Each structure stands twice: as C-alpha cells, then as structure tokens.
Protein chains: 2
Amino acid sequence: MMNQLADAQAAFGSDEEFSIRDLCDAFDVTPRALRFYESQELIMPRRDGQRRIYTLRDRARLKLILRGKRFGFSLAEIRELLNLYDLGDGQVTQLSLTLETALGKLDELKERREEITAVIGDLENQIGLVRNMLRERGESQVS
Amino acid sequence: MMNQLADAQAAFGSDEEFSIRDLCDAFDVTPRALRFYESQELIMPRRDGQRRIYTLRDRARLKLILRGKRFGFSLAEIRELLNLYDLGDGQVTQLSLTLETALGKLDELKERREEITAVIGDLENQIGLVRNMLRERGESQVS
DNA sequence: CATGACGCTTACGTAAACGTCAACTCAAAA
DNA sequence: TTTTGAGTTGACGTTTACGTAAGCGTCATG
C-alpha cells in the first residue's frame with residue numbers, strides 16, 4: 001500500500017536527509033556503489049543504528065563523484081577534489097598547501113576542456129565531410 | 001593546432017613510418033599497451049615480417065585513443081569514434097547511419113564540455129574562498 | 001506470526017586495461 | 001660466431017570499480 005510511510009521518519013526528521021535508496025534512485029547508482037564509495041572514504045553518511053543517512057552535502061559530493069568519473073578521474077583523484085571542497089566547512093589545516101593543489105587541478109581541468117574542444121572541432125569537420133559526400137551522391141536522407 | 005584528419009591525410013603519399021618504440025616514446029605508452037590496442041582493433045599497423053610498422057595515420061589514431069581515455073571513454077567507445085574518422089578514407093557504407101552516430105557523439109561531447117566548465121567554475125569559487133580565508137587570517141606564509 | 005521488502009556486513013567473483021615474465025626470432029654489432 | 005638488442009607471442013598477475021551471493025537483523029503488512 002502506502003510505501004511512502006517508510007519515509008515517515010525522514011519526513012519527521014528533516015527534508016534534507018535521504019536513505020540509500022533515495023540517492024540510488026536520484027542518481028541511478030546501485031547501493032553497492034554507494035557503499036563502495038564510503039569504503040573509499042568519498043562519502044561518510046552518519047548512521048541511524050546500522051542504516052546510512054545521507055545529507056544534502058552527501059548528495060552534492062555524490063554528484064561530484066559521478067561527474068569526476070565521467071572525465072576519467074579515478075576514485076582516488078576524486079577524493080582529492082572532494083577534499084578541496086571541504087575547506088568551506090571550516091577546516092583550516094594546511095590551507096595554502098591545499099590551494100596549490102587546487103590551482104594544479106584547475107589547470108588540469110582547463111587543459112582537458114581545451115582538448116575536448118579540439119575533439120569537438122575535428123568531429124564537426126568529419127560530419128561536414130560526410131554531409132558533403134551524401135549531398136554529392138544525392139543520397140541525403142538525414143537532416 | 002591542426003586537426004587529426006589533416007594528420008591522417010598527410011600520411012597519404014608520405015613514407016613516414018614508425019617502430020613500436022617510436023610511438024611509445026612519443027606518447028609515453030608501453031609496447032604492451034599498443035599491442036593491446038591492436039588486439040582490440042583500435043590500431044592496425046601493417047607488418048614487416050613480425051614487426052609492426054606504424055604510419056602517420058596510426059599516430060593520429062593513437063592520439064585520439066589517449067585523448068578519449070582521458071575523458072573516461074572505454075576502448076570500445078573509442079573504437080566507435082575512430083570508425084567515424086575512417087570515413088575520410090573512402091569508406092562509404094551506411095554513411096547516413098554513421099552520421100547519426102556522429103551527431104550523437106557530438107552532443108555527448110558538448111555536454112561533457114559544459115559539465116567540465118561547471119566544475120571549473122565551482123573550483124574557482126572554492127579557490128576564491130580559500131584565498132579570502134588566508135587573507136583574513138594573515139596566515140599566508142607559503143607562496 | 002510469517003512473509004516480504006529493505007538494509008547491513010563479509011567475502012568471493014568479474015570485466016577492463018594493462019603489467020610482468022618467460023621463451024622465441026632475427027638482424028646487427030663485437 | 002657469439003652476443004646483444006629490439007621486437008614478438010602467449011600466459012598469468014594486478015588494479016580499479018564495482019557485481020553477486022550468503023547470511024543476518026528489522027519492520028510493516030497480510
């Protein structure tokens with residue numbers, strides 16, 4: 001029947017807390033993956049007894065994890081990136097050192113963006129070529 | 001920067017050839033990796049007896065392979081991309097079908113570029129925050 | 001009360017992308 | 001001619017990022 005009642009506790013507690021399933025559904029990942037990220041110290045949800053409780057902050061971290069993966073970063077590298085974002089939370093240790101790391105990562109990211117731009121350009125050229133071939137042969141059936 | 005197609009076509013009529021070591025040194029990969037890519041049909045150098053001989057076209061393909069990897073594409077996906085570039089070489093089969101695939105990949109690439117731009121923006125914000133914290137605390141001791 | 005549905009941990013399995021090592025070929029150098 | 005150096009083919013090992021199955025606890029509903 002009303003499976004939503006299962007969310008009753010979360011509803012009472014707060015609007016900003018999520019079960020493992022909530023996050024899985026929201027980001028299309030498996031519980032196994034989330035537990036694995038936790039074992040790798042990428043997310044650290046608090047516990048209600050055994051059960052994991054995720055906050056909005058955990059959500060944001062997960063978002064970054066999945067983004068990082070799409071760019072070919074390893075989970076270890078992603079953990080580094082995540083640590084950079086933690087600075088806003090009040091941690092002050094070795095701030096300037098971390099700043100260096102951040103600037104490095106920033107350069108890396110910008111270089112990657114240039115690369116992807118180059119690939120996009122090449123691919124657009126190729127597509128132009130193919131379109132010409134189709135036109136010349138009068139076989140153009142695609143927009 | 002010249003695009004990959006230009007590189008590949010320059011190979012036409014040219015007699016520039018490379019050993020496996022040449023390519024390894026040029027792109028900082030191991031022979032094992034190149035042989036593996038070959039087993040996955042990403043590069044197909046011709047043989048002089050047993051030995052592999054790579055052309056400029058193979059070089060261009062390798063460049064694309066390594067780029068693709070940096071963006072988290074699997075070798076299987078990269079093979080698809082490479083096949084798109086092969087069209088310039090005279091293959092005409094199922095042109096319009098391939099065009100569809102190419103357009104799809106193009107969208108995917110553009111979306112990734114937007115994502116990476118977002119990440120860059122976030123990181124720049126974080127860096128700004130850290131710089132402020134350093135300034136306010138007057139603890140900026142490391143360059 | 002029992003039966004799922006969901007979650008937990010522990011542990012082994014797996015696919016991708018190579019690394020590593022052994023054993024061989026083959027041509028050039030010593 | 002022996003050695004050396006570069007290249008080759010298996011075959012097995014390794015790391016990453018999970019999948020999968022076993023076995024258990026916990027509720028909420030039939």
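First the proteins, then the strands, lettered A, B, ... as listed; each starts at 1. Keep in mind the model is a prediction, meaning the values are calculated, not measured. Values below: all heavy atoms of this structure, side chains included; hydrogens, waters and symmetry mates excluded.
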* **Euclidean distance, atom CD1 of residue A/Ile65 to atom P of D/dA17 [Å, nearest integer]** => 11 Å
* To do: Specify the separation, in whole Å, of atom CZ of B/Arg46 and atom P of D/dT8.
  => 13 Å
* Residue pair A/Leu34 / A/Cys24: nearest heavy atoms and the distance that separates them -> CD1-SG, 3.7 Å
* Asked: Between B/Glu16 and B/Arg59, does at least one N-O distance fall below 4.0 Å, as a salt bridge requires?
  -> no
* **Closest contact, heavy atoms only, B/Leu75 versus B/Gln40** => CD1-CG, 4.5 Å
* Atom CD of A/Glu77 and atom C1' of D/dT15: how far apart are they, to the nearest Å? -> 14 Å
* Looking at side-chain heavy atoms only, is the closest gap between A/Arg70 and B/Glu108 below 4.5 Å? -> no
* Would you name the heavy atoms of A/Ile116 and B/Leu109 that are closest together and state the gap between them? => CD1-O, 3.6 Å
* Asked: When you measure from the centre of the six-membered ring of A/Phe73, is the NZ or CZ of A/Arg112 under 6.0 Å away and within 45° of the axis?
  -> yes
* Between D/dA17 atom P and A/Arg70 atom CZ, what is the distance in whole Å? -> 15 Å
* To do: Measure the distance from CG on A/Asp48 to C1' on C/dC6 and round it to the nearest whole Å.
  => 14 Å
* Asked: Given Watson-Crick or G-U pairs with both distances under 3.5 Å, what dot-bracket string fits DNA chain C, with | for other-strand pairs and [ ] for crossing?
  -> ||||||||||||||||||||||||||||||
* Structure fact -> Counting primed atoms, P, OP1 and OP2 as sugar-phosphate and everything else as base, the B/S/- map of nucleotides 7-21 of chain C against protein heavy atoms under 4.0 Å is SSB-B-----BBBB-
* Can you list the steps and then say if B/Val130 with B/Ile127 is a side-chain contact (heavy atoms from CB on, under 4.5 Å)? -> CA-CA 5 Å; B/Val130 173; B/Ile127 289 175; 5.7 Å; no
* side-chain hydrogen bond (donor to acceptor under 3.5 Å, both in side chains) with B/Thr117: which residues, sequence neighbours excluded? -> A/Arg113
